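Notes to accompany the following structure.
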Protein chains: 2
Amino acid sequence: MVGSVAVDGGGGPVSAGIAVLRRHGERVTPARRAVLEVLGATTEHLSAEEVLGRALAISRSLHRTTIYRALETLGELGLVTHVHTDHGPAFYHLSAPLTGTPHLHVRCRVCERIMDVPADLLDDAVRRLRETAGFLLLVDHTALAGLCSGCEAAGGHPG
Amino acid sequence: MVGSVAVDGGGGPVSAGIAVLRRHGERVTPARRAVLEVLGATTEHLSAEEVLGRALAISRSLHRTTIYRALETLGELGLVTHVHTDHGPAFYHLSAPLTGTPHLHVRCRVCERIMDVPADLLDDAVRRLRETAGFLLLVDHTALAGLCSGCEAAGGHPG
DNA sequence: ATGAGTGCAAAGTGTTTGCAACTAT
DNA sequence: ATAGTTGCAAACACTTTGCACTCAT
């Protein structure tokens, strides 16, 4: 059930997300509500495990599997986005239409933190690859790896 | 045991690799030899599982674990490189000093094939991120995802 | 001979699936 | 009422680890 999302109508990302669920005939369950609340309460990028941990504080009886399924559904509706990393889990956050701040991600190999980077960072690469190989780069679900300035200064190993 | 690699002395990547092993006091075992032969015989990018399959044709009694350990050792010596993908396994190939053809990788989300792309594809992004955030992008071990021209034409879903 | 390398079993992560029970509509 | 959701257990894919045994040096 793929769909598009409307911008936040003013009631905050949670109610905006719930409205989208309703509009698509999806049920509004405690699990989905909790996931929206968790992601709406932070600008961090959370792993499924972290979402579960915080969601339990809201709903108390949620299962890990349910979190994965809620994240999947919300993702299909365009409410939630995820980034994959080379090692370790995927990280989730509200998608740009809800937050209004599109961005890409990089991840430090040493401290493992996710950093937001400008949405147009890879535009040059996208254009080049389209022109030379006809390959359509989809850059938003993959975090490139590297060393943040702090870890590089500390002599961190590239891994 | 991190090390640097010498260019191929003319005897092909396998003997060059063996020379590097010796130079570093690493043992030259059937497993390591087989892995070098497998990767030296193709320009494809192989998963550990595929390396195992082909290596068994050479040596007959190798274990999956041993392949992972051989790939790790050869990687530390700079002989073998790997790329991570969003879903699915990592893919291995001889590193540029042995093959003489440096490149990066992208992967089609539909047909799952790995494609080589120019080594300088992300230079602009690397420079921008260094200048604006002091972040050192290490782009060589991560395959960006996308749609190859064939699968895009066929209406493939971005997944 | 001796310690690095191997085979095997087992565990470890992160994620998905099958199915009966539940609940939002 | 009833289909969509959930909880649980179990499987899944990929990779790593512990330990006794073997073989390259």
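Predicted model only: the values in this text are computed from it and were never measured. Just so it is clear: chains get the letters A, B, ... in the order the sequence lines come, proteins before strands, and each one is counted from 1.
In this structure, R54(B) pairs ionically with E44(B), as a charged nitrogen and a carboxylate oxygen lie closer than 4.0 Å.
E72(A) has its CD atom 15 Å from the C1' atom of dG14(C), to the nearest Å. The distance between atom CG of L56(A) and atom P of dG7(D), rounded to the nearest whole Å, is 10 Å. What separates NE2 of H63(A) from C1' of dT16(C) is a distance of 13 Å, to the nearest Å. Here dG3(C) presents its C1' atom at 12 Å from CD of E26(B), a figure rounded to the nearest Å. Rounded to an integer number of Å, the gap from H82(A) NE2 to dG14(C) C1' is 13 Å. What separates CD of E76(B) from C1' of dT16(D) is a distance of 14 Å, to the nearest Å. Rounded to whole Å, the distance from CD1 on I67(B) to P on dC14(D) is 16 Å. Taking atom CG of L52(B) as the reference point, atom P of dA13(D) lies 16 Å away to the nearest angstrom.
For the segment residues 34-45 of chain A, the set of residues with a heavy atom within less than 4.0 Å of an atom of DNA chain D is empty.
Between S61(A) and the phosphate of dG7(D), there is a side-chain N or O to OP1/OP2 separation shorter than 4.0 Å. At dT16(D), none of the side-chain N or O atoms of Y68(B) fall inside 4.0 Å of OP1 or OP2 (strictly under the cut-off). Residue R22(A) places at least one side-chain N or O under 4.0 Å from the OP1 or OP2 atom of dT25(C). Contact annotation: R64(B) side-chain N/O to dC14(D) OP1/OP2 distance is not under 4.0 Å.
For H103(A), the ring-ring contact (aromatic ring centres under 6.0 Å, His included) test picks out H45(A), H93(A), H105(A), with sequence neighbours left out. With sequence neighbours left out, D120(B) forms a salt bridge (Lys or Arg N to Asp or Glu O under 4.0 Å) with R128(A).
Summarising the geometry of A143(A) relative to T142(B), their closest heavy-atom pair is O-CG2, 4.0 Å, with the distance given to 0.1 Å.
Using the six-membered ring where Trp is involved, H87(B) and H84(A) have ring planes that are perpendicular, over 60° apart on the 30 and 60° scheme.
In this structure, H24(A) contributes its side chain and E26(A) its backbone to no donor-acceptor pair below 3.5 Å. For T85(A) (side chain) and P89(A) (main-chain N/O), a donor-acceptor pair under 3.5 Å exists by modelled atom type. Of the possible donor and acceptor atoms, none in the side chain of H82(A) sits under 3.5 Å from a partner among the backbone N and O of H141(A). Checking side-chain atoms of R64(A) against main-chain N and O of L52(A) turns up no donor-acceptor pair under 3.5 Å.
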Show me the protein contacts with nucleotides 19-23 of chain C, counting only N or O atoms at under 3.5 Å.
residue: dT23(C); atom: O2; partner: R27(A); partner atom: NH1; Å: 3.3

### Task
Show your working on side-chain contact (heavy atoms from CB on, under 4.5 Å) between L79(A) and L94(A) and close with a plain yes or no.
CA-CA 6 Å; L79(A) 296 166; L94(A) 290 185; 5.7 Å; no
### Query
After noting the C-alpha distance and the side-chain angles of T99(B) and T43(B), does the key distance pass the side-chain contact (heavy atoms from CB on, under 4.5 Å) rule?
CA-CA 9 Å; T99(B) 62; T43(B) 59; over 6 Å; no
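Along DNA chain D, the nucleotide closest to P30(B) and the one closest to A48(B) are compared, and the more 5′ of them pairs with A48(B). When the nearest nucleotides of DNA chain D are assigned to A70(A) and T65(A) by heavy-atom distance, the more 5′-ward of the two goes with A70(A).
Annotation: salt bridge (charged side-chain N to carboxylate O under 4.0 Å, His left out) contacts involving residues 98-107 of chain A, sequence neighbours excluded, comprise R107(A)-E112(A).
Across its full length, the helix from dA1(C)-dT25(D) to dT25(C)-dA1(D) shows an angle of 30° between the axes of its 5 terminal pairs at either end, rounded to 10 degrees.
Of the candidate nucleotides dG7(C), dG7(D), dT15(D), dT15(D) has the atom lying nearest to any side-chain atom of A90(B). For T29(A), counting side-chain heavy atoms from C-beta on, the closest listed nucleotide (dT16(D), dT15(C), dT6(D)) is dT6(D).
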